[in-house]
Protein chains: 2
Amino acid sequence: MSAKIGQRSTKQRAAVAAALAEVDDFRSAQDLHDVLRRRGDLVGLTTVYRTLQALTDSGDIDVLINSDGESIYRHCGQSAGHHHHLVCRKCGRTVEVEGKAIERWTDAIAHEHGYSDITHTMEIFGLCPACARESTEAMS
Amino acid sequence: MSAKIGQRSTKQRAAVAAALAEVDDFRSAQDLHDVLRRRGDLVGLTTVYRTLQALTDSGDIDVLINSDGESIYRHCGQSAGHHHHLVCRKCGRTVEVEGKAIERWTDAIAHEHGYSDITHTMEIFGLCPACARESTEAMS
DNA sequence: ATGTTTATTGATAATGCTTTTCATTAAGGC
DNA sequence: GCCTTAATGAAAAGCATTATCAATAAACAT
C-alpha cells in the first residue's frame, strides 16, 4: 500500500466527491471518470480510483460489486450509521436497510469465540418486484 | 456467445461437477482448476470457466462475487447447511458459524420490500484472542 | 466397427477493470 | 519564496475472464 490519502485537500478530490454527491445511484470508477471529463474536470483515472478507495476506507461512501465484477460506488444516504443493501440481482435496484439485529448477532457470536474489534460485511440479493414480474411473464 | 453447452457428456464436465460436489464451500474457477490438476484430471482452464457458466445457467450451481470481484461457485442444494465465517483480520484464523437468525432476518427484510429469490453474503472480521493479546503486549 | 457430423476442448491471444510505478506537481507549513 | 512530501497521472503491469480457432471426440448413422 502507499501513503494513506486524505491529508491534503485537492481540487481533484473535491471534484470526485462532488460528482458522486450529485448522483443518487451506484456508479463505477470509470463512469465517474467520464462524468468528470465531460464536465471539464480533468482528473486522471488513477486518481479517481484512489480517491474512491480513500472515501470508502473512511466510510464516506458505499461500495459494492456488481455482477460483472465491477466495483460501484455511491454516497451513503443516511449518514445515520451502518446499513446494508438489498440489491436486485437483475437490474441493480437497491434498498438500504438497517440491521441492528445483525450488529447484535455478529457481536455476540464474535465475543463468544473470543474475537474483539468486530466488523462485518453483508449484502442481500434478490429479484425485485419488477424483475420478478418480468420473468414470470416471459414464461408464457 | 457460442453454441450452448450441455448436449454431450464429457469427462471434463464430469470432473468439474465432481470437484464442486466434494467441496461444501464457494470456490473460484481458478481454485477448481487447481484442484482438478492436483488430482490428475487435466481440464483446461477455459473449459472450467465454460462448464461453471453452463452449470450456473442451468441453475445447477450458485454463483456469487466476492469482494475482489472474483466469481465463486458452489453446488446448489445447500442442504449441507449454509454458514458464515468469523475471520481474524490479522492471522486469518477462521471459525465457521451458523446463522439461522440471519437467514430469517434477510428473508423477512427482503419480502418486506417485495424481493424474492433471496440470497445473501456475509463475513465477520475481528481480532482473534491470540492476536488481541499480542497487540496489547506490544503496547507496554 | 467405421465414418460423419459437429459439439467440445484447450492453448493462446485479447479484453477490461484495477493497481503499481515513478517522475512530476502542488499543498501546507516555515 | 522555499522546503518537504502528499498527491497526481500517464504508462506499464497484474489478474480474472472471454474470444479465437484448429484439433479432438461424443453421438449417431451406416
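Reckoned from all heavy atoms, side chains included, excluding hydrogens, waters and symmetry mates. Every chain is numbered from 1 and lettered A, B, ... according to where its sequence line falls, protein lines coming before strand lines.
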Nearest whole angstrom, please: distance from the [atom2] of [N] to the [atom1] of [X].
X       : N      : atom1 : atom2 : answer
A:Leu32 : C:dC17 : CG    : C1'   : 14 Å
A:His33 : C:dC17 : NE2   : P     : 13 Å
B:Arg50 : C:dT12 : CZ    : C1'   : 13 Å
A:Leu52 : D:dT8  : CG    : C1'   : 15 Å
A:Asp34 : C:dG16 : CG    : C1'   : 14 Å
B:Asp68 : C:dC17 : CG    : C1'   : 13 Å

### Task
With the side chain counted from C-beta on, respond yes when B:Leu20 and B:Leu52 share a heavy-atom pair under 4.5 Å apart, and no when they do not.
yes
### Query
Given side chains that start at C-beta, do those of B:Ile109 and B:Tyr115 come closer than 4.5 Å, heavy atoms only?
no
### Query
Along nucleotides 22-30 of chain D, 5' to 3', which nucleotides get a B, which get an S, and which get a -, given that the test is a protein heavy-atom distance under 4.0 Å?
---BBS---
## Note on the structure
With sugar-phosphate taken as primed atoms, P, OP1 and OP2 and all else as base, the protein-contact string of nucleotides 13-18 of chain D at under 4.0 Å (heavy atoms; B, S, -) is ---SBB
### Query
Using the ring of each side chain (for Trp, its six-membered ring), is B:His84 parallel, tilted or perpendicular to B:His120, with breaks at 30° and 60°?
tilted
### Task
May I ask you to say what A:Leu42 touches in the nucleic acid, namely base, sugar-phosphate or nothing, with a heavy-atom cut-off under 4.0 Å?
sugar-phosphate
### Summary
Between B:Glu98 and A:Trp105 the two heavy atoms that sit nearest each other are O-CZ2, 3.0 Å
#### Entry: Inter-residue atom distance A:Tyr49.OH - A:Thr51.OG1, 0.5 Å rounding
12.5 Å
### salt_bridge(B:Arg37, B:Asp34) N-O dist < 4.0 Å
yes
### Query
More than 12 heavy atoms of other residues, nucleotides or ligands under 6.0 Å from CD of A:Glu103: is that the case?
yes
#### Entry: Listed once per pair and sorted, the salt bridge (charged side-chain N to carboxylate O under 4.0 Å, His left out) pairs that draw on residues 7-18 of chain B, sequence neighbours left out
none
